[in-house]
Structures are given as C-alpha cells and as structure tokens.
> 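Take this structure, written in structure tokens, and hold onto it; I'll ask about it next.
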Amino acid sequence: MSRSSPSNHPSSRAGALRAGARRCRPRVELLEDRLAPALLPPGFVEAPIASGISRATAMEIAPDGRLWVLEQDGDVEVFHAGSAAGFTALNLDPAAINSDGERGLLGIAFDPSYDIASPAADFVYLYYTSTAAPNPHNRVSRFTVNNANPDQPTLSGELVILELDALSGATNHNGGAMHFGPDGKLYIAVGDNANGTNAQLLTTLHGKMLRINATATDTFPNDNPFVDVTTGKNDAIWALGLRNPFTFAFQPGSGKMFINDVGQSAQEEINEGAAGANYGWPATEGDFNPAQFPGFTRPFYAYAHGGGTFEGFAITGGAFYNPTSAAFPGEFHGDYFFADFVNDWINVIDTTTRQVARFASAAGSPVDLRVADDGSLWYLSRGTGQVRRVVFTGAQPIAPTFAARINFQPPGSKGFRGFLADIGLPLGDKGNGLSFGWNFDNRATARNRNSARSPDERFDTFVRLPDGAVWEIAVPNGTYGVRVVAGDPAQATGRFGIDIEGVPALRGRPNATRRWIDRTVVVTVSDGRMTFTAAPGTVNNKINFVDIGPKPIRQAGGALGLVSIEAEHTSAGIPRGDRNWLAFTSPAGFSGLGLLQATPNVGAVLAPANSPRVDYRIRFAKAGIHYVWIRGLAPTAGDDTIHVGLNGRPRGIIAGLKPFYSWSSRGLNGARVAIQVAKPGLHTLNIWAREDGAAIDKIVLTTSAAYRPRGLGPAASPR
C-alpha cells in the first residue's frame, strides 16, 4: 500500500507491509492487558476476537459466521466465534508464493453459493503473488473447501481462474482486494505495479478494477465496458486510472461500490465505482477541476496527507454500515467506515452529506474493515496481530435539556431525528438521501420540499396562522433561540407576520425567487408555554418549520472567525464579547446536563467516568474547517480524553490538560481538534470526558490554522 518508496514514507511503520522475512512466522503470545485499546466515542467498546496473526493483509467473514484472515506469507487462518485462537486452513507452498515488499497473499472472497450445510462443493477465491511463469505475477485461484472435519475446514484443489500480467522489479502497488458484486461477478482491485502509465493503458490489467466470471478460467462478462476495444484477458477491465486500490467495498442493498485508492504525494481517495470510469491516475491525485479533466471521474471524498484529524497517508480498509441487524446509533446507518494504515485511525463519512468524523484512534495499523451481521464493526490490526470487534453498549451521552424541531417528515427519514412526522408521497432521491415530501398534485413545482425551489427539504406547511391566531407548544421555562420558517413552495403570495412570546420574529412577503422567510430570535418563556401569534394584517400566513433550542452563540466576524466561550469576566488575548460564563452559571447557548460545578470562574466540570455531554449551540458564519482549543484543569497530569464533537458526532480528542489551568499542550492532533462545518448556520458543539474528567473555563473556535490562544494568567487562578 506504499505511495512511493520506503525511504519516502513518513512513518517507519508504513514499511511494515514490505518488511520481514518471507516465511518467518513467529507465534508470539499476545498479552491482552499490554495492548492498549483504540480510542472510541463514548458508548463504544472493543475486544480482540482473533489474535496471533502474522503480517495480516485481509480478512473476510464467511457465510457461516467464521472469520478467515490472510497472512502475507501464505497462510489462511480461520477463527471460530468465541475463540481468539485460530487454525490454518491453507499454507501455500513457500516456493509457490512471493511475499517480498507488498506482494504475497492479499485477497479473499467466498463464492456466492457457499453453504457448508449443502452437499455441493464450496469454493474460496484467493489473490496472491505467484512464482510461476512469468515470475513473479499476481494470480486469482479458486480453492475447494474440505469439510471432512467441520470444525477445521481446509483448502485444496487449486484451480487458476486468472493470471495477471508479469510484475516488474517493483514490489509495491499490487492491490489484491476481491469481492463478489450483487451481479454475481467477481471484482478484483489491481495496483499499477508502481508505474503510473499502466493505469491508463487498456493493454494491461495493472491499475484497474477487474470484473470476471469466476466459473472458469479466463472468461469475462460480455457487457464489460471495454470489450469492443480490448482483447484476451484485458476484456476483464471494468474501470481504470487507479494507483493502488488496496481495498474496496459494496454497500448491501444499494450495490454502491467505494474504492479506496492509496495516493502518492498529496491525497488519498475514496472513489465511487462505475463501469468504464477513469479515476485519473497518474494525471490527477485527489479532487480536480472537471473542466480541466472532463473524461475523469472525481473522487467521492479525498483527504490530504498530514497528521490532522482528517489527514493521513495510506487509506486501507473500508466498510458500509448496513448490517442485517443495526446495533450502532441511527446516525451511523448508511455511513462508510474507512481506515488509514499510517495514522492508525478509523474515520466515518456520511454518504449523504459527505461529512467526516473521527471514529477510532490508535487502531494499530488497520488494513481491513468489516461490518458483521450483528451490527458490530471488525477491524484487522496489522500492528497488533489481531482482529478487534467494536460494539455499541448503549451508554450514550445525555441529551440536551430541551430541544424541539417540528415539521412534517416521514418516519425514518435521514437527518432529522426528533422531528414530528407526517406521511408523504415518495418523490425520489434528490441527491441528499431524502425520498419523501408533500406533493400536492405530483408536479415537481407543487408543494414539494424536495423541489429545487426549496432551500431546505424540511419545509412544508404544518400550521396556518390567520390574522390573530395563536399556536403554542409546552416548554420548560427559560431562554431559547427559536428558528421559524414561513412560506409556500407553490405560492409566492401573502403577507407573513409571526410573533413569538411577543417578540416580532418574522415579517415579510415571499416572492417568486424567495418563497420562504427564515428568521431566528431569542425569547424567554416564563409560563411553560411558547406562544406563536399571527401579527395583524397577515395573509396566507403559514409556519413550515420550527427549531427550538438554547440561545445560540454567534460566531464573530473577521479573518480568524473566532468564537470564544469563557468563564471569566476578563480575558487576555481572546475577544470576550457577550459570551462570558458568569460565575456559577452556564453560558448562553449551553444545553447539556454536564454542568456540575458551582465555583467561580469555572464554566463546566465534566464528571469522571463517561461524563454527560455538554452542548453549545453556535451559529457559524461560514462553512469549512474550524479548530477547537480548550483550556482547563485535569485531575491528573496529561489527561488525554477530552472529546469534541459536532452535531452529536465525534470529531476528535484534545489531550494534555494539566493539574493546573492551561491550554491543552499535546494530543492526537497537536493541541486542538479540527471540525468540518458543512454549511453556515446553527450547529451544536459537543464536549465530554471519558475517563478522569476535567474542569473547563475556556473554549475557542477559529477558522485560522495558525491561531494560538494566549492569556494563561497566574498559575493559581483560572484567569
């Protein structure tokens, strides 16, 4: 999975896949209490389910539930559920396999008809580097499963299905991942053999995604996209322009394919698989201007090289979260997990919004990921020689004290948890994962929140307020930020006026280009009822959408995009504005249950042992990367488990709070966490602690990567 040569690699661990004697397989006992677990979001735990693995390259969960793991030097290890010790189903002859560098046993796939309960033969397909002529070359072979001892199946009877092209002296960029697609065809990812030119040639299989019939040797589907211009085994080419697609995955149900292509000097890519697609290597790396390269397919997502939360050096495993029985919280459903071998992390991308979050850190050089039928996430750690299973325990952070988001939306719609629901006619996905909406007469221009006229797919009338009418919702007494939207996608007429708790919230007339009026105001409720009143003279007055929550903190203007949340009355070097935490109180915008402290100048104390989450509703002025800094006090030196999230999803960990008030000084991402704000507007910043807890008196957000907070004050004072 290297990007260039071992000498150019930013981490000595990145050469691990290339290092080591070819058939040296020491069976080292792995002491569980000496292996630090990965850092996971609150509510998630992990445990090893397979150990003692040497030079791991890939894994697959068999249809019968057993785990099969490949070792680079030629062994196939099988693990039963409940036992971390495996047995060897196949040991390739050392003379038959070349495992130098990144060569070796690299890919595995189970035949779609695999069923050990059936008397019919069961087949397993392997991808490995063969020493047969031409020596060396990569090969796909079918092996028959011998179930004479059902507790310890073995593989035998090799049938060569596809002989790939001869390899050069370069030992890297072999690819190797294999999966059967929804169409029953076998898809095979092949690297460019460290020669970028190969990726664009239809006369070689290097740098391609292949699609073959697995029933016999050298047979290829006649609907492959290049069969009219290719000959022989090159008829297998399904997509091109890839550098080193070390792993890929199909999404259950939809059949969507994501290809993880390891980059060279700048970018790692997730590409959406498509017949005939050209992903641009070596002319492009990462995203590009389609006007400059109209024949290439842009990546679905790309990330830069570096040490940040959203950076890495070698993309490896990937898996969609669409299990038979979902066990993770709903916001993960349909998401895609992917790993970086060098930076030891597992991140997750929302396939609808393309927002990315950190899921696991310190994952021990992960090379492969799988989502099991029971909804757990498995990852193959080459660094620890283990497969580790991540489960959700249900110990979620405590929800905010009160929030109500009210509109019409069908049950199960993505992205709007907590909304009241209606029924709607299916309208088709509008590119945002939504497929429902009101449609008055089945015309796209009618009352349809999914129409191009709608600025937000949530907007449909749920209450009419004629002149003088009143609508109320029961809420706890307190001060709230309330967003209200009024309008009609089908009519550009009317005079709108809505007051909330006597505060003029919305006034205006929609027109053909601005069919909705959208305002946010701050109101105080003292009688347990939030009252919405139609202002005098309204015509066609409607409410489409209401979002009630704590008073939002507004992002400051200027080049730094600063937001500061403070417990102090004074501040050195940080604009205080109106966002101070007064003694004994929380700041405006606080909505969590984690505020336990009642001492002067301390904004929040996060209790030890999985503290409640503290939420701050912030109105961001701009989209893009923001950096979060935290100042506070930890009970022990070097506390490293202050978590930061956005909109309820983990984004990273800030480390290094001291037993005295200080800015975090070290961590998984330096001394800050990067968060990706997808679009301007109201978002919720989440802070919580996992182990020892902490007292926090300052939180700073900035859009400047160069910004460093100042003003530590005397050691004895939080100021």
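Below, each value reflects all heavy atoms present in this structure, side chains not excepted, and no hydrogens, waters or symmetry copies. Computed from a predicted structure; not experimentally measured.
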> Can any side-chain N or O of R672 pair as donor or acceptor with the backbone N or O of A705 at less than 3.5 Å?
yes

> Distance-only, no hydrogens or angles: does the E269 side chain make a donor-acceptor pair with backbone N or O of G286 under 3.5 Å?
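Looks like yes, one N/O pair under 3.5 Å.
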
> If you round to the nearest 0.5 Å, how far is CD1 of I630 from CD1 of I687?
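So the CD1 of I687 and the CD1 of I630 are separated by 4.0 Å.
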
> Minimum heavy-atom separation for P680 and A621, please, with both atom names.
CB-O, 3.9 Å

> Does M530 reach the side chain of V482, with side-chain heavy atoms less than 4.5 Å apart?
yes

> How many angstroms lie between CZ in F300 and CG in N271, if you round to the nearest 0.5 Å?
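It comes to 11.0 Å.
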
> Against H626, only a single residue in F620, Y707, F310 fulfils ring pair (Phe, Tyr, Trp, His ring centres under 6.0 Å); can you say which?
F620

> For I517 versus G508, what's the shortest heavy-atom pair and its separation?
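Scanning both residues completely, I find the closest heavy atoms to be CD1-C, 3.4 Å.
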
> Apply side-chain contact (heavy atoms from CB on, under 4.5 Å) to T531 and W471, showing your working.
CA-CA 6 Å; T531 302; W471 180 77; over 6 Å; no

> Compare every heavy atom of D499 with every heavy atom of P504, then report the nearest pair and how far apart it is.
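So the two residues come closest at CA-OD1, 3.3 Å.
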
> Which distance, rounded to the nearest 0.5 Å, do you find between the CD of Q267 and the CD of E311?
9.0 Å

> Before giving the answer on side-chain contact (heavy atoms from CB on, under 4.5 Å), spell out for I259 and I270 the whole-Å C-alpha distance, their side-chain angles and the decisive distance to 0.1 Å.
CA-CA 6 Å; I259 306 167; I270 298 175; over 6 Å; no

> Please report the closest heavy-atom contact between V644 and V628, naming both atoms and the distance.
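Of all heavy-atom pairs spanning V644 and V628, the closest is CG1-CG2, 4.1 Å.
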
> Ignoring hydrogens and geometry, is there a side-chain-to-backbone donor-acceptor pair from Y279 to E272 under 3.5 Å?
yes

> What orientation do F320 and F258 show, parallel under 30°, tilted 30 to 60°, or perpendicular over 60°?
tilted

> Does the separation of the ring centres of Y303 and W345 fall below 6.0 angstrom?
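When the ring centroids of Y303 and W345 are compared, they turn out to be within the sub-6.0 Å range.
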
> Looking at every non-hydrogen atom in both residues, tell me the closest pair between V484 and A505 and how far apart they are.
CG1-CB, 4.3 Å

> Quick check on the 6.0 Å ring-centre criterion: do F44 and F328 meet it?
yes

> Can L40 and F359 be said to form a side-chain contact (heavy atoms from CB on, under 4.5 Å), step by step?
CA-CA 6 Å; L40 300 166; F359 182 77; 4.0 Å; yes

> Which pair of heavy atoms, one from Q355 and one from A678, lies closest together, and at what distance?
NE2-CB, 2.7 Å

> Determine, step by step, whether Q251 and N322 satisfy the side-chain hydrogen bond (donor to acceptor under 3.5 Å, both in side chains) criterion, reporting the C-alpha distance in whole Å, the side-chain angles of both residues, the deciding distance to 0.1 Å, and the verdict.
CA-CA 7 Å; Q251 184 176 38; N322 295 93; 3.0 Å; yes

> Once you round to the nearest 0.5 Å, how far does CG of L701 lie from CG of L562?
9.0 Å

> Take I675 and I625 through the test side-chain contact (heavy atoms from CB on, under 4.5 Å) and record every step on the way to the result.
CA-CA 6 Å; I675 60 174; I625 297 291; over 6 Å; no

> For the aromatic rings, using the six-membered ring if either is Trp, is the centroid distance between Y336 and Y321 under 6.0 Å?
no

> Taking N541 for its side chain and F496 for its backbone only, find out whether a donor-acceptor pair lies under 3.5 Å.
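No; judged by distance alone, with no hydrogens or angles, the pair does not exist.
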
> Under 3.5 Å, side chain of R483 to main-chain N/O of R519, donor-acceptor pair present?
no

> Are I543 and F532 close enough that some pair of their side-chain heavy atoms sits under 4.5 Å apart?
yes

> With a cut-off of under 6.0 Å to the ring centre and 45° to the axis, is R354 in cation-pi contact with Y301?
no

> Is a side-chain donor or acceptor of T538 paired with a backbone partner of G497 at a separation under 3.5 angstrom?
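The answer is no, because no donor-acceptor pair under 3.5 Å joins these two groups.
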
